[in-house]
Amino acid sequence: MNENESAKRQSVLGSGAYEPKDVEKEIYAAWEKSGYFNPDNLPVEKDAEPYVVYMPLPNVTGSLHMGHALDNSFQDISVRYQRMRGKKTLWLPGTDHAGIATQYVVEKELRKQNVSRFEIGREKFIEKVWEWKAQYGNLILEQLRRLGCSADWSRTRFTMDPAYAKDVVAAFVHYYERGWLYRGYRTVNWCARCATSLSELELEYKDEETSLWHIKYSDAVTVATTRPETLLGDTAIAVNPHDERYEKLIGTEVTVPIVGREIPIVADEAIDSTFGTGMVKVTPAHDVLDFEIGERHKLPMVVVIDGRGRMTKEAGVYEGMKAAEARVKIVEELEKQGRLVKVEPYAHRVSVCYRCGQSIEPTPSAQWFLSMKELAAKALEAVSSKKVAIHPERFEKTYSDWLSNIRDWTVSRQIWWGHQIPVYFCKNKKDDEKNFVVTKEKPAKCPLCGTCEMEQATDVLDTWFSSALWPFAGLSESDKKKYYPGHTLITARDILNLWVARMIYSGIEFMGKVPFTNVLIHGTIMTKEGKRMSKSLGTGIDPLKYIEQYGADVARFAVVWQATGQDIRWDETAVVGGRKFTNKIWNAAKFVLGSIGEDATFPAKNVDASLGTDADKKIMGELQKIKASVANDIEHFEFAKALREFYDFFWHSFCDVYLEAAKGQLASDAAPHTREVLMHVLFESLKVLHPFMPFLTEYIFQKLPKHKQSLLLIEQW
RNA sequence: GGGCGCUUAGCUCAGCGGUAGAGCGACUCGUUUACACCGAGUAGGUCGGGGGUUCGACACCCUCAGCGCCCACCA
């Protein structure tokens with residue numbers, strides 16, 4: 001090669017290393033400008049098969065973490081692959097209003113200005129949240145763009161958009177009309193700080209060292225409790241019906257210390273006779289299990305602690321004290337009365353609010369419940385019949401165990417930020433008669449009393465009530481016909497029940513079909529020490545750090561490389577591997593482009609390797625194999641395997657072996673096909689790798705001489 | 001209290017019936033025009049312990065141990 005040619009070669013990809021920073025932004029802009037993220041714009045047949053992926057909704061409060069990077073890399077690989085396969089591909093993005101989480105963030109902001117939400121009131125507060133959302137709510141979507149995600153941003157939905165809200169309200173009314181949604185006064189998990197009920201899935205657990213107080217009610221009755229202050233609200237003592245020790249006591253009465261109330265001794269199967277004394281104090285108002293025992297035995301509820309954690313009037317002299325204070329006083333009093341038999345140290349787990357960490361105080365309140373019986377049955381059937389396949393299969397058990405033992409869902413929350421429930425109260429009717437209607441819009445005239453201006457209930461819905469509708473509520477009316485159902489849902493295991501199960505039965509109930517046919521549960525990324533990555537613990541590693549330093553392709557490579565199925569102990573050296581691989585591809589492309597001459601055309605025509613050298617034949621054969629194998633792996637969600645196989649092929653078979661052979665062949669007249677083979681393998685490799693490392697591959701593709709297609713993004717696989 | 005997963009080279013992990021592989025790291029050699037973010041090599045493992053099935057096990061079964069996760073209304 002003479003100097004002139006050498007100079008030409010450098011002009012194609014330049015002489016230096018690949019600089020992702022310089023090109024990623026530009027390439028992403030070109031993709032967006034093309035409009036091809038929108039399936040309606042794809043140059044495919046009208047009746048091309050759709051391929052739809054619903055993005056697990058990130059919270060508006062979110063910012064990109066490793067979990068998102070993994071999750072969305074997988075989705076982007078699937079989506080890009082299917083698009084190159086000629087499918088009408090839609091990846092639907094959106095954000096979740098994340099009720100408690102967002103309210104909490106905005107409250108914290110306000111507190112910095114010494115303002116509480118109660119001071120400014122509900123309406124003003126909600127305005128503040130919308131302001132906050134306008135300013136920060138799309139951060140995560142911007143970050144997903146930097147990752148290279150090819151979602152259809154023109155369809156981005158927020159779970160509180162008016163169109164979405166319409167479906168939420170319709171769902172509520174639908175459930176009510178089906179008779180599945182009911183109002184009840186029940187003891188629920190209550191966070192006194194957030195002043196709202198929480199579903200059991202919103203609880204977290206914390207080990208606590210406490211005491212087990214053994215309290216003597218009478219000579220025959222001694223109970224063990226971790227919460228002596230609730231004794232004031234006892235309305236029964238319960239024993240196991242088969243407990244011979246206490247058989248004779250069943251049906252008799254005993255006096256509650258301090259308050260002097262006479263309460264019955266009842267028999268209930270829920271009591272474990274081997275624990276403590278085998279006798280349990282029953283406080284239906286302040287314990288969820290006790291509430292259920294109370295229901296079974298028609299026990300009254302005596303509320304001694306209010307929704308803010310203070311003792312009520314029913315607590316007598318303890319009124320106004322915080323529950324913890326009252327506990328100390330009550331224990332003192334019991335001791336004085338000689339009723340404290342013993343106190344033993346006791347370690348157990350207490351439930352705490354997942355948002356603020358405060359201990360849960362079970363409290364009775366009026367809530368809305370969704371009966372789960374029929375919905376759970378539908379969700380169960382969908383998976384057992386394989387209409388929805390969960391991968392890996394073992395998670396089907398996690399799913400069905402939960403649904404088989406499910407309790408009715410408390411869907412109301414007492415916070416301000418969220419979908420206000422479509423329930424309207426009559427001002428003239430009393431609580432003991434029917435005093436509300438459930439309807440999509442506020443009635444102009446009260447249908448109950450005929451005169452009053454009805455008032456909407458202040459409760460809002462559990463965030464998951466709305467996100468459960470995402471696969472269809474996220475679509476416009478015409479899209480509902482075109483892009484429902486979807487195909488694969490890719491997510492982490494922690495929201496399998498919280499969200500995936502609920503989407504499945506919601507889809508069946510409202511759309512008549514399961515919302516997707518596959519659920520992929522991938523591993524969780526942890527620190528190298530095996531600890532959970534968490535911002536609050538300071539153990540998180542920010543994927544944006546890698547994107548900024550080495551580019552999105554390298555970040556994606558590192559994540560996917562490690563995501564073999566098990567949980568991942570994040571290994572920094574995978575980033576090194578990605579960087580080297582990027583460099584390898586870059587240089588191989590540089591070599592090929594420099595070798596083939598500028599009159600070459602892509603895609604390479606008439607490659608007949610059967611006429612070539614042994615090396616030609618070998619690499620062509622290996623290329624065919626790797627292409628088929630990667631396609632198969634992607635279709636079976638084996639992304640890491642696919643990437644590793646391609647890596648091995650490209651680095652070792654193509655670069656180490658074929659390129660070296662090609663150097664000799666190029667100089668020889670005996671190997672006329674060398675240029676075609678080089679072109680062909682490079683071109684095909686770019687396609688195969690594109691779903692994994694979209695920027696680098698697109699960039700090189702753009703530099704190929706004389707090619708017709710506009711973007712590798714839509715090149716046919 | 002149930003259930004699940006993991007334990008393979010220094011590190012992070014593949015493999016899952018026929019006598020061990022990758023990436024990163026280490027070491028040796030290499031100043032050839034794609035790449036030193038490179039090439040050619042080398043070292044390094046009784047595949048957590050014990051038992052069993054088998055002609056043969058890292059792979060299958062049982063059991064023990066350690067680590068991690070999930071579920072549960074044990075007061």
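Letters A, B, ... mirror the listed sequences (proteins, then strands); counts begin at 1.
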Write down the distance separating the C1' atoms in B:rC69 and B:rA26, rounded off to the nearest Å. 35 Å
Write down the partner of B:rG21 under the Watson-Crick or G-U wobble criteria, each distance required to be under 3.5 Å. B:rC13
For B:rC4, the nucleotide meeting Watson-Crick or G-U wobble distances (both under 3.5 Å) is B:rG68
Of the nucleotides B:rC69, B:rA75, B:rC13, which has the atom closest to the A:Phe275 side chain? B:rA75
Under 4.0 Å between a side-chain N/O of A:Thr398 and OP1 or OP2 of B:rC70, yes or no? no
Separation between the P atoms of B:rU46 and B:rU63, rounded to whole Å: 27 Å
Looking at B:rA34, does its base get a donor-acceptor pair with the side chain of A:Glu660 below 3.5 Å? yes
Could you check whether the side chain of A:Lys663 and the base of B:rA34 have a donor-acceptor pair of N or O atoms closer than 3.5 Å, going by distance alone? yes
Categorize A:Val280 for me: base, sugar-phosphate, or nothing, with a 4.0 angstrom heavy-atom threshold over every strand shown. base
Select base, sugar-phosphate, or nothing to describe what A:Glu572 touches, counting heavy atoms under 4.0 Å on all strands. nothing
Of the nucleotides B:rC38, B:rG23, B:rG5, which has the atom closest to the A:Arg394 side chain? B:rG5
Of the nucleotides B:rC35, B:rG5, B:rC24, which one has an atom closest to the side chain of A:Tyr647? B:rC24
Determine the contact category for A:Asp401: base if any of its heavy atoms lies under 4.0 Å from a base atom, sugar-phosphate if only primed atoms, P, OP1 or OP2 are that close, otherwise nothing. nothing
How about A:Phe692 and A:Phe557: are their ring centroids closer than 6.0 Å? no
A:Leu643 CG to B:rC13 C1': how many Å, rounded? 14 Å
Nearest of B:rA75, B:rC13, B:rC37 to any side-chain atom of A:Tyr346? B:rA75
B:rG3 phosphate, OP1 or OP2: any side-chain N/O from A:Lys397 under 4.0 angstrom? no
Look at the side-chain N and O atoms of A:Lys528 and state whether any lies under 4.0 Å from the OP1 or OP2 oxygen of B:rC24. no
Closest of B:rC35, B:rA14, B:rA75 to the A:Ile271 side chain is B:rA75
Residues A:Asp567 and A:Arg493 bridged, charged N to O under 4.0 Å: yes
May I ask you to verify if any side-chain N or O of A:His348 is less than 4.0 angstrom from the OP1 or OP2 atom of B:rC74? no
Please classify the nucleic acid contact of A:Asp656 as base, sugar-phosphate, or nothing, using heavy-atom distances under 4.0 Å. sugar-phosphate
Look at all strands and tell whether A:Arg644 reaches a base, only sugar-phosphate, or nothing, counting heavy atoms closer than 4.0 Å. sugar-phosphate
Give a yes or no on whether a salt bridge exists between A:Arg227 and A:Glu229, defined as a side-chain N under 4.0 angstrom from a carboxylate O. yes
Under 4.0 Å: is that the gap between some side-chain N or O of A:Gln562 and OP1 or OP2 of B:rU12? no
Row check, A:Trp409 ring normal vs A:Arg502 NZ/CZ: under 6.0 Å, within 45°: yes
Check this one for me: any side-chain N or O of A:Trp651 less than 4.0 Å away from OP1 or OP2 of B:rC35? no
So, is A:Arg532 near the phosphate of B:rC69, with a side-chain N or O under 4.0 Å from OP1 or OP2? no
Think A:Lys580 has a side-chain N or O under 4.0 angstrom from the OP1 or OP2 of B:rC24? yes
